[in-house]
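Everything on this sheet refers to the single structure shown next.
What you see is a predicted model; the values in this text were computed from it and never measured.
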Amino acid sequence: MSDMKKAVVIGAGIAGLITARMLSDYYDEVCIIERDELPSEPANRQGVPQSFHPHRVLPRGGLILGNYFPGYNDELVALGAIPSHEEKFMIANRYGTLVNKANAASSFKIASSSRALLEWVLRQRVQNIEHINFLTNTEVTGLMTSEDERSITGVYTKIRGRDNREEMLAADMVIDASGRSSKLIKWLEQIAFSVPEPEVLKVSLGYSTRYYKIPSSIQNDWGTVITESHPVQGIRAGMLWRIENDIAGLLLFNAGGDEYPSTHPDEFQEQIKHLFASDEIVALEEQLEPFQGPRGYRISESVRQHYELMENWPSGLLVLGDAFCSFDPIHGQGMTVAAIEAETLAKCLDEQRMHPEPQFERQVLLRMQQAIEPAWWLSSVADLRWKGVAFAQKYINLFTKQAMKKASQENNKHLFFTQFLMNALILPPSEYFKGEILNMILNDNGSEEEMELRAELGVQDPELFQQKIDEIIPSFQLEFDVQIKKMLESFQHAMSK
């Protein structure tokens, strides 16, 4: 343990739990403040409105969680979650389908479970750490400051549902992990800090989810079906997948604010028929027993705060998770990004302990922005395909469309899983958007997609492809460690079989 004393984490969601566990290696006492009363068994919470809908830890996040919660994945499986090596899946798009029974992704041990079960397993682990305590049914109402207001010295709190009496909770470090409902901007403005304008992507997205019981008669025939969207034609994305204890979920998604997926059972049923691979999904769905939903979830925008631009950022205060940068949840990046941010903070704490630097917190914010840049970029590029979403990067979308066409029509699993590893935040985008892949996907017998991509690219000489890509794709500075390299080696081994 260090000589650091007490840290306060606001929010007991996934981001807060990972952060508290990480901080327990550095602080003598960690207190988690949560608005909700926490359930004694896996259950959706009122303070997590999207918890009803699908959640998945990406491989990069699974690696970090495995470091802080060893064996958590096996614990999920023991409680009924689906181990990755048993998952079969089919991905469908306008060009066809890609079916994998024993896929390279299964080399990453990540169980399929509900958000409620994952949160419950992590929370049980955190509750068993002696110097971490929970303060539930409690709201943070503001930030305590030093006399010169340059340092945060704790938080003001009050118990929900009682009188408005505030109490003070002193801390050496306060971390806001309260999610999209964060009041940090309001608290900073209350103590005369000027907050920069955030980066906002208007997405107007919506999705609806319905749950079913899986009869024992079709257990062995089961496989996850992922259907990609076709925004130009208004075709939604969809997913049919298993979670724990013989439960399946079916999700419909679209963005741009036009005709959100319905929450009416009959309309939801009809909309399933308009997905890619609808015959396969309908055939499976008809054998299932509906028991919950459909329920909807709507988000108007993705928001990335830029607190690192504040030169006078107060010491003793940090922010991460959705309170720092909120993504389109359909891409499944949120929990993994929170884990990356917590890991980044841990590296900064190690360095600070060895070589103390002024403005430590602002440097952490800068490092976290660097770490989440690929996730924000990938999420934004994917959402920009939808009508009604502001701005567009046409070349990136044409490249991705043509690459997925090649992967689907030629059953090119290496190309598909290179994209998978990029979306999983294992590989930087520069490993996917590169000259050699561009040269391969442009060899398409003069198809309409090839010609459109060539026209947007603006160069014909393959020797100039990489130079052109470097002009278009941002340069990402990523920190990779030995474990990620081993994960990539595992992937390469699986692909060579």
Side-chain angles (χ1 to χ4, degrees), residues 13-14 17-18 21 38-45 48 51-90 100-129 209 211-226 239-251 284 288 291-292 332-336 338-339 417 420-421 424-426 483-484 486-487 490-491 493-494 497:
I14 300 293
L17 293 171
I18 300 170
R21 166 60 192 90
L38 297 175
S40 58
E41 59 184 24
N44 295 322
R45 294 191 289 113
V48 189
S51 62
F52 181 83
H53 304 278
H55 286 69
R56 190 67 182 263
V57 178
L58 300 178
R60 178 81 182 277
L63 183 64
I64 298 170
L65 283 177
N67 289 336
Y68 288 122
F69 303 94
Y72 88 97
N73 202 70
D74 294 333
E75 191 173 344
L76 286 171
V77 172
L79 292 169
I82 309 302
S84 55
H85 70 272
E86 292 185 6
E87 286 191 290
K88 298 177 290 184
F89 75 87
M90 178 179 75
N100 269 10
K101 294 183 179 179
N103 60 78
S106 67
S107 61
F108 308 130
K109 292 185 64 178
I110 299 176
S112 177
S113 74
S114 64
R115 156 70 184 253
L117 182 62
L118 174 61
E119 184 176 295
W120 187 80
V121 165
L122 299 185
R123 188 166 65 245
Q124 295 299 301
R125 295 288 194 94
V126 172
Q127 287 175 331
N128 288 331
I129 299 175
T209 303
Y211 286 102
Y212 306 78
K213 294 180 181 178
I214 306 172
S216 58
S217 59
I218 66 167
Q219 283 292 327
N220 294 333
D221 300 328
W222 182 262
T224 296
V225 183
I226 300 171
M239 182 170 68
L240 181 62
W241 81 108
R242 284 195 300 177
I243 56 173
E244 68 267 10
N245 299 323
D246 299 331
I247 301 298
L250 178 54
L251 171 140
L284 274 171
L288 304 174
F291 81 104
Q292 278 188 320
Q333 298 170 316
M335 295 187 295
T336 294
F417 279 108
F420 165 81
L421 289 169
L425 307 181
I426 296 294
Q483 286 183 299
I484 291 179
K486 288 182 177 179
M487 184 177 280
S490 174
F491 162 76
H493 177 71
K497 291 183 178 180

> So do P39 and E119 actually touch side chain to side chain, heavy atoms under 4.5 Å?
Replying inline: no
> Among all residues two or more places apart in sequence or in another chain, which pass the salt bridge (Lys or Arg N to Asp or Glu O under 4.0 Å) test with D246?
Replying inline: none
> Where do P54 and M239 come nearest, in terms of heavy atoms and distance?
Replying inline: CB-CE, 4.0 Å
> Only one of V77, I82, V57 forms a side-chain contact (heavy atoms from CB on, under 4.5 Å) with S112, so which one is it?
Replying inline: I82
>> Determine whether L118 and Y72 satisfy the following criterion, side chain to side chain contact (heavy atoms under 4.5 Å, CB included), listing intermediate values before the conclusion.
In response: CA-CA 9 Å; L118 174 61; Y72 88 97; 3.9 Å; yes
>> Can a donor-acceptor pair be found, under 3.5 Å and without considering hydrogens, that links the side chain of S113 to the backbone of L76?
In response: no
>> Can you give me the closest heavy-atom contact between L117 and P42, atom names plus distance?
In response: CD1-CG, 3.7 Å
>> For the OH atom of Y211 and the CG atom of L288, what is their distance to the nearest 0.5 Å?
In response: 13.5 Å
> At their closest point, which heavy atom of R242 faces which heavy atom of T224, and how far apart are they?
Replying inline: N-OG1, 4.4 Å
>> Rounded to the nearest 0.5 Å, what separates atom CZ in F52 from atom OG1 in T209?
In response: 6.5 Å
> With a 4.5 Å limit on heavy-atom distance, are the side chains of W241 and I226 in contact?
Replying inline: no
> Between the main-chain N or O of I110 and the side-chain N or O of R56, is there a donor-acceptor pair closer than 3.5 Å?
Replying inline: yes
>> So, taking the atom named CD1 in I426 and the one named CG in L63, what distance separates them when rounded to the nearest 0.5 Å?
In response: 6.5 Å
> What's the spacing between R60 CZ and M335 CE if we round to 0.5 Å?
Replying inline: 15.5 Å
> Which heavy atom in K213 sits nearest to a heavy atom in I247, and how many Å separate them?
Replying inline: CG-CD1, 4.0 Å
> For the residue pair N44 and A116, what are the closest heavy atoms and their distance?
Replying inline: OD1-CB, 3.7 Å
>> Tell me if a side-chain donor or acceptor on E244 pairs with a main-chain N or O of S114 at a distance below 3.5 Å.
In response: yes
> Heavy atoms, side chains only, cut-off 4.5 Å: are F69 and V121 in contact?
Replying inline: no
> Hey, does L38 have a side-chain heavy atom less than 4.5 Å from the side chain of R123?
Replying inline: yes
> L122 and R21: side chain to side chain contact (heavy atoms under 4.5 Å, CB included), yes or no, with the steps?
Replying inline: CA-CA 9 Å; L122 299 185; R21 166 60 192 90; over 6 Å; no
> For E75, which residues count as a salt bridge (Lys or Arg N to Asp or Glu O under 4.0 Å) partner, sequence neighbours excluded?
Replying inline: R125
> With side chains defined as the heavy atoms from C-beta onward, is the minimum distance between N73 and L65 less than 4.5 Å?
Replying inline: no
